[in-house]
Q: 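The structure follows.
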Amino acid sequence: MTVDSSKNERYNAREAETRWQKLWDERGIYATKNDDPRPKYYVLEMFPYPSGRIHMGHVRNYTMGDVVARFKRAMGMSVLHPMGWDAFGMPAENAAIDRKVHPKEWTYANIAAMKKQLQSMGLSLDWAREVATCDPSYYKHQQKMFLDFLKAGLVERKQSKVNWDPVDHTVLANEQVIDGKGWRSGATVEQRELTQWFFKISDYSEDLLNALDTLDRWPEKVRLMQKNWIGRSEGLLVRFMLDAATAPNKESELEIFTTRPDTLFGAKFMAISPDHPLATAAAAKNPKLAEFIEHCHQMGTSQAAIDTAEKLGFDTGIKAVHPFDPGWKLPVYVANFILMDYGTGAIFGCPAHDQRDLDFANKYGLGNTPVVCPPNQDPASFVITDVPYLEDGRMINSRFLDGMTIAEAKEEVAKRLERETRGNRPVAQRQVNYRLRDWGISRQRYWGCPIPVIHCEKCGVVPVPASDLPVTLPDDVTFDKPGNPLDRHPTWKNVKCPQCAGPARRETDTMDTFVDSSWYFARFTDPWNEKSPTTPKVVNEWLPVDQYIGGIEHAILHLLYSRFFTRAMHKTGHTGMDEPFAGLFTQGMVVHETYRTKSGDWVEPANIKIEGMGDARSATLMTTGEPIEIGSIEKMSKSKKNTVDPDDIIAAYGADTARWFMLSDSPPERDVIWTEEGVQGAWRFVQRLWRLIGEVAGVKAPTARPAEFGPAALVVRKAAHRALNNVSDDIARLRFNRCVAHIYEFANALSDAIGEVETAPTPDMAWALREAGDILVRLFHPMMPHLAEECWATLGHGTLVATEAWPPVEPELLVESTITLPVQVNGKKRAEVTVPRQAGEADIKAAVLALDEVKKALDGKSPKKVIVVPQRIVNVVA
RNA sequence: GCGGGCGUGGUGGAAUGGUAGACACAAGGGACUUAAAAUCCCUAGGAAAGAAAUUUCCGUCCCGGUUCGAGUCCGGGCGCCCGCACCA
């Protein structure tokens with residue numbers, strides 16, 4: 001059959017896409033009802049920060065989620081697929097400072113712009129459930145939960161060290177401290193103690209760690225990252241006596257935490273944190289020590305500061321007594337590398353078996369005694385100089401431990417010290433420690449959720465009564481001065497104490513924006529509930545989220561906080577489960593080539609003209625013709641100007657092309673390289689499908705299904721059902737790149753079949769072609785929904801393909817009556833053999849040995865063995 | 001330093017221990033066209049032999065091992081990438 005393709009019009013994506021989007025919207029087909037009796041499926045992509053424009057990363061993320069949503073809907077499930085805005089945060093305040101726009105105005109304008117962009121992508125979202133975290137109708141529930149958590153003992157107020165910018169009068173996150181200076185002000189950052197609000201996530205350390213094992217639909221990598229982050233270690237708390245003659249005031253002992261009690265006989269010194277009470281007490285009598293501690297405080301907590309910091313110590317003159325030998329005295333140092341908030345803020349140092357202790361001991365001439373001897377090493381000649389010995393071995397120089405393994409020695413030390421008591425308490429006890437710290441949520445910023453408490457001089461900290469919620473942000477604030485606008489506001493913080501009615505002060509700190517994103521997935525289940533954050537019956541039906549999709553950059557903080565928050569909500573009656581996300585998928589980034597001028601300035605791809613192919617490619621600036629250097633492939637970023645605007649792509653090619661390209665080629669968990677050629681390839685395929693379906697629509701189909709199908713028609717039907725089977729399987733496993741390949745294969749096969757049909761097809765062929773067309777459209781619908789609707793209409797269906805059921809596979813079409821098996825001789829492929837599918841091993845063997853190629857390869861010898869793997873392969877061993 | 005991942009054509013990548021390179025991009029050749037675009041057809045891991053059909057050898061970072069059979073499993077090495085990191 002020949003078709004004059006010139007008569008076919010091009011598929012006009014821009015026109016068709018807006019038309020179908022309007023129709024979907026009018027019919028409300030993506031609205032999800034909570035009382036829908038069908039099985040529920042919740043698919044969620046990480047909601048965006050409303051920065052102003054969507055980027056290609058969003059397109060990739062939301063396309064993947066949309067494919068899943070549309071597939072599950074076609075599988076007959078009630079699908080929840082909502083979208084919202086992670087709308088509080090610093091960029092809005094920065095915009096206010098830089099551009100004199102109010103953060104609220106800026107944020108809502110961005111939301112409106114981005115919503116329009118998302119809608120142009122044709123995502124099957126239930127916009128009726130849209131939430132913005134900056135809206136009082138959202139954050140009032142967050143404030144209520146804060147108060148519930150407070151009552152349940154999940155919140156506490158305590159002193160904590162922060163990075164303080166003395167010029168901007170604000171607390172900085174570690175990432176905002178660059179080379180010890182504030183990123184905005186450039187001022188040297190100080191360490192300050194501030195009273196802050198904390199969520200007691202560390203109460204759940206053990207549970208958060210153990211439950212990772214139940215998250216079997218999470219990437220192994222993310223579970224491992226969380227495991228390391230929580231950082232469980234088992235060790236021993238040991239109380240050292242202090243030599244009374246040297247100890248300041250009443251301090252009589254020093255408690256340390258160690259995971260290596262076996263090395264106790266290798267101890268050379270004790271070290272305590274500059275913030276340790278013993279250090280403070282000693283400093284009170286020793287100005288030089290006080291000076292040293294002050295010096296330690298000036299060091300930043302940033303990575304750079306830690307990397308470059310030298311290990312420094314100060315001998316306090318205090319002596320500690322070795323727990324196994326009253327006559328053995330150890331010097332106590334204050335050391336800058338000891339953290340106050342891990343363990344007890346104090347250690348004993350065993351230089352021979354710890355790198356830091358060795359560096360420290362070498363610097364201050366404290367020496368070392370090896371106590372673990374490597375296997376096959378003479379203890380007499382075993383010496384440590386610059387490299388500590390960290391592996392297993394036998395104990396030496398350790399009195400009653402000598403000869404034991406490390407594990408035996410650990411156990412022996414623990415047993416002995418546990419038995420021994422001092423002042424009614426054992427000298428040592430076993431303890432499990434976690435690296436995970438409590439979650440400090442106080443931020444001295446305006447654009448965040450106000451913390452709903454009031455400070456009264458008489459009553460102390462008083463929660464805002466639930467009836468007074470929400471505590472809303474005042475609109476009349478200024479950003480002309482550094483510091484927190486809420487603190488500066490003339491009236492907002494002045495309130496009456498809810499308890500004594502006396503004058504009181506409102507808390508001016510707002511919550512970390514990670515709080516906002518720690519429960520939005522729960523709010524989506526019933527965003528209409530004005531009284532409570534969630535509706536228990538509803539939230540328990542929808543949660544946990546069946547499939548959560550987002551970037552790997554949230555592997556730790558967001559996902560861990562959400563896991564904690566769900567537990568806290570459970571404890572306070574807002575949810576009925578502990579884990580928010582049953583399935584997690586982390587998608588890769590969108591990356592692009594970079595371009596820069598001779599002088600090193602980055603140039604946007606849109607301003608570049610590329611000529612030549614492969615290695616001979618060269619680029620010039622479109623405006624001036626200046627030569628441009630083609631650089632490495634990097635994550636799309638504004639600073640390197642290698643971004644591609646989704647709006648431009650959708651305007652030029654349509655949303656379906658962008659969606660298809662985002663799913664093609666690269667496996668979804670890996671980075672995908674954005675190329676102009678790739679987009680054009682996708683666009684050509686859109687047009688090809690349109691023409692192909694046009695040709696199928698031109699086939700006059702018999703109304704009744706034929707009783708018999710000829711061989712040619714059977715080939716078409718098999719191709720269709722094989723594709724159906726493969727695509728179904730691969731969507732379910734989120735292997736979108738393979739779905740794309742299978743759809744290409746099927747389209748190629750259908751195209752070939754139509755090409756081979758002369759004039760009018762036979763009724764069985766006509767029926768098979770129409771069936772194949774229907775299946776093809778429904779297969780690519782999740783990826784390219786607009787094109788699918790257009791094609792579905794072309795095929796004469798009066799329905800929307802978006803509401804069509806997934807077609808059923810006919811399993812008998814997946815099996816062949818004969819199979820072709822590769823034949824190997826000694827593991828090398830020499831021939832193929834075609835046998836009936838049901839053929840037995842003996843028949844296959846006979847057929848294989850009769851092959852000329854096999855006879856030739858055997859060269860007259862008889863085979864030692866013939867291995868027949870059913871349905872797979874035959875191997876003749878000579 | 002600790003933990004994890006990866007290494008396959010010109011490129012992105014396929015391949016439950018069973019025909020390595022599916023599918024796509026880029027490329028080359030051809031058809032159609034005044035021409036271009038668009039579209040369609042053909043070729044394509046490397047090497048050698050042959051007029052050709054075709055045949056042979058080599059080939060998944062390197063070295064070894066397990067197996068009838070290894071891109072896949074195991075041991076060692078090299079290279080790249082990611083996460084965490086003064087955590088006692």
Side-chain angles (χ1 to χ4, degrees), chain A residues 2 5-6 8 10 219-229 231-233 235-236 256-261 263 271 273 303 305-307 309-311 335-339 341-350 353-357 359-360 390 433-437 552-553 555-556 613-615 617 661 664-667 669-673 675-682 684-685 687-688 691 735 737-748 751 755 820-832 863-878:
Chain A
T2 52
S5 63
S6 66
N8 283 346
R10 283 257 182 119
E220 190 57 42
K221 181 185 170 128
V222 175
R223 289 195 283 172
L224 235 134
M225 282 164 76
Q226 291 212 351
K227 190 180 164 197
N228 292 338
W229 188 261
R232 180 182 199 274
S233 60
L236 201 64
I256 60 97
F257 176 73
T258 179
T259 56
R260 291 297 300 275
T263 63
S273 164
Q303 196 57 54
I306 290 168
D307 284 346
E310 197 185 356
K311 289 182 182 29
N336 64 346
F337 64 95
I338 306 299
L339 306 172
D341 52 2
Y342 185 80
T344 61
I347 62 154
F348 81 86
C350 174
H353 304 289
D354 183 281
Q355 186 69 60
R356 286 160 315 178
D357 294 351
D359 292 348
F360 192 82
L390 306 172
N433 249 314
Y434 295 92
R435 214 186 65 103
L436 182 65
R437 308 293 157 74
I552 187 82
E553 67 272 20
I556 298 175
M613 301 293 174
D615 291 343
R617 268 157 38 99
F661 178 54
S664 304
D665 291 351
S666 283
E669 69 277 10
R670 260 189 251 179
D671 291 351
V672 63
I673 305 172
T675 62
E676 187 59 27
E677 293 82 10
V679 184
Q680 283 179 7
R684 278 199 299 271
F685 188 58
Q687 297 296 341
R688 227 185 106 204
R691 285 194 306 274
R735 304 204 291 195
N737 57 319
R738 295 180 20 136
C739 295
V740 166
H742 289 132
I743 289 170
Y744 268 115
E745 253 173 24
F746 177 31
N748 290 345
S751 190
T820 300
L821 297 174
V823 176
Q824 295 181 333
V825 177
N826 290 331
K828 279 191 180 176
K829 192 204 161 193
R830 295 293 177 188
E832 286 180 345
K864 284 192 192 122
K865 206 159 76 170
V866 180
I867 295 156
V868 178
V869 185
Q871 315 296 311
R872 278 283 171 199
I873 200 166
V874 181
N875 193 9
V876 180
V877 185

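Fair warning: this is a prediction, and the values are worked out from it, not measured in the lab.
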Q: Now, which nucleotide makes the Watson-Crick or G-U wobble pair with C40(B), with each of the two distances under 3.5 Å?
A: G30(B)
Q: Students often get this wrong, so: under 4.0 angstrom with heavy atoms, is N433(A) touching a base, only sugar-phosphate, or nothing?
A: nothing
Q: Nearest-nucleotide wise, let me know which of G343(A) and R872(A) is further upstream toward the 5' end of RNA chain B.
A: R872(A)
Q: Can you tell me if the side-chain N/O atoms of R691(A) get under 4.0 Å from OP1 or OP2 in C40(B)?
A: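 Result: yes.
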Q: Quick check: any donor-acceptor pair below 3.5 Å linking the side-chain of K865(A) to the base of C68(B)?
A: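 Looking at the base of C68(B), it does not pair with any donor or acceptor on the side chain of K865(A) (distance under 3.5 Å).
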Q: Rounded off to whole Å, could you give me the CG-to-C1' distance for the D665(A) and G12(B) pair?
A: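 It is 5 Å, rounded to the nearest whole Å.
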Q: Both distances below 3.5 Å, Watson-Crick or wobble geometry, any strand: find the nucleotide opposite G1(B).
A: C84(B)
Q: Does Y744(A) place a side-chain N or O at less than 4.0 Å from the phosphate oxygens OP1/OP2 of A24(B)?
A: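 For A24(B), OP1/OP2 do not have a side-chain N/O of Y744(A) under 4.0 Å.
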Q: Can you tell me if R688(A) touches the phosphate of U39(B), counting only side-chain N or O atoms and a distance under 4.0 Å to OP1 or OP2?
A: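 For R688(A), the contact criterion (side-chain N or O under 4.0 Å from OP1 or OP2 of U39(B)) is not met.
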Q: Is any side-chain N or O of R684(A) closer than 4.0 Å to OP1 or OP2 of A24(B)?
A: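 For A24(B), OP1/OP2 do not have a side-chain N/O of R684(A) under 4.0 Å.
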Q: Need one value for V877(A): base, sugar-phosphate or nothing, where a base atom within 4.0 Å counts as base even if backbone is also close, heavy atoms only.
A: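 Sugar-phosphate, no base atom in range.
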Q: Taking the side chain as every heavy atom from C-beta outward, state whether D354(A) and T263(A) have any pair of such atoms under 4.5 Å apart.
A: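 No. Closest side-chain heavy atoms not under 4.5 Å.
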Q: Give I338(A) one of three labels, base, sugar-phosphate or nothing, depending on what nucleic acid heavy atoms sit under 4.0 Å from its own.
A: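 Base contact - I338(A) has a heavy atom under 4.0 Å of at least one base atom.
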Q: Between A14(B) atom P and E745(A) atom CD, what is the distance in whole Å?
A: 14 Å
Q: Identify whether any heavy atom of E832(A) sits under 4.0 Å from a base atom; if not, whether one sits that close to sugar-phosphate; answer base, sugar-phosphate or nothing.
A: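 It contacts base atoms.
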Q: Should S233(A) be listed as having a side-chain N or O under 4.0 Å from OP1 or OP2 of A88(B)?
A: yes
Q: Does A14(B) have a Watson-Crick or wobble mate here (both distances under 3.5 Å), and if so which one?
A: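 Check on A14(B): unpaired, no WC or wobble geometry under 3.5 Å.
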Q: State the pairing partner of A20(B); accept Watson-Crick or G-U wobble contacts with both distances under 3.5 Å, and report none otherwise.
A: none
Q: Looking at C84(B), does its base get a donor-acceptor pair with the side chain of N228(A) below 3.5 Å?
A: no
Q: Pairing check on G75(B): which nucleotide meets the Watson-Crick or G-U wobble criteria with it, both distances under 3.5 Å?
A: C63(B)
Q: Rounded to the nearest Å, what distance is computed from the CD atom of residue E676(A) to the C1' atom of nucleotide C25(B)?
A: 13 Å
Q: Atom CG of D357(A) and atom C1' of A88(B): how far apart are they, to the nearest Å?
A: 7 Å
Q: Enter syn or anti for the glycosidic conformation of G9(B), syn applying to angles within 90° of 0.
A: syn
Q: Need to verify one output field. Residue with the more 5' nearest nucleotide on RNA chain B, R435(A) or G681(A)?
A: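 Between the two, 5'-proximity favours G681(A).
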Q: Quick check: does any side chain N or O of N433(A) sit under 3.5 Å from a backbone N or O of S233(A), one acting as donor and the other as acceptor?
A: no
Q: I'd like to know if the side chain of N875(A) and the backbone of G827(A) have a donor-acceptor N/O pair within less than 3.5 Å.
A: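 Between the backbone of G827(A) and the side chain of N875(A) there is a qualifying donor-acceptor contact (under 3.5 Å).
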Q: Is N737(A) near enough to A14(B) that one of its side-chain N or O atoms lies under 4.0 angstrom from OP1 or OP2?
A: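 Affirmative; the distance criterion is met.
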Q: Quick check: do D665(A) and V672(A) have side-chain heavy atoms less than 4.5 Å from each other?
A: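 A side-chain contact is absent here, since even the closest heavy-atom pair is not under 4.5 Å.
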Q: Whether K227(A) contacts C2(B) is assessed here as follows: a side-chain N or O lying under 4.0 Å from the phosphate OP1 or OP2. Is that the case?
A: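 So the side chain of K227(A) is outside the cut-off, no N or O lying under 4.0 Å from OP1 or OP2 of C2(B).
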Q: Rounded to the nearest Å, what distance is computed from the CD1 atom of residue I743(A) to the P atom of nucleotide C23(B)?
A: 15 Å
Q: Can you say whether a donor on the side chain of R437(A) sits under 3.5 Å from an acceptor on the base of C87(B), or the other way round?
A: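 When only heavy-atom distances are counted, R437(A) does reach the base of C87(B) through a donor-acceptor pair under 3.5 Å.
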Q: Check whether F337(A) forms a cation-pi arrangement with K311(A) (NZ or CZ under 6.0 Å from the six-membered ring centre, at most 45° off the ring normal).
A: yes
Q: Suppose we define a pair by two distances each less than 3.5 Å, Watson-Crick or G-U wobble; what does A47(B) pair with here?
A: U56(B)
Q: Base, sugar-phosphate or nothing for T258(A)? Non-hydrogen atoms, less than 4.0 Å.
A: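 Since only primed, P, OP1 and OP2 atoms lie under 4.0 Å of T258(A), the category is sugar-phosphate.
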Q: Look at the rings of Y744(A) and F685(A) and say which category their plane angle falls in: under 30° parallel, 30 to 60° tilted, over 60° perpendicular.
A: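 Aromatic pair Y744(A)/F685(A) classed tilted.
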Q: What is the distance, rounded to the nearest whole Å, between atom CG of D341(A) and atom C1' of C87(B)?
A: 9 Å
Q: Is any side-chain N or O of R830(A) under 3.5 Å from a base N or O of U19(B), one able to act as donor and the other as acceptor?
A: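 When only heavy-atom distances are counted, R830(A) does not reach the base of U19(B) through any donor-acceptor pair under 3.5 Å.
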Q: Atom CZ of F685(A) and atom P of A38(B): how far apart are they, to the nearest Å?
A: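 Checked: the CZ to P distance equals 18 Å.
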Q: Take atom NZ of K221(A) and atom C1' of C84(B), then tell me their distance rounded to the nearest Å.
A: 11 Å
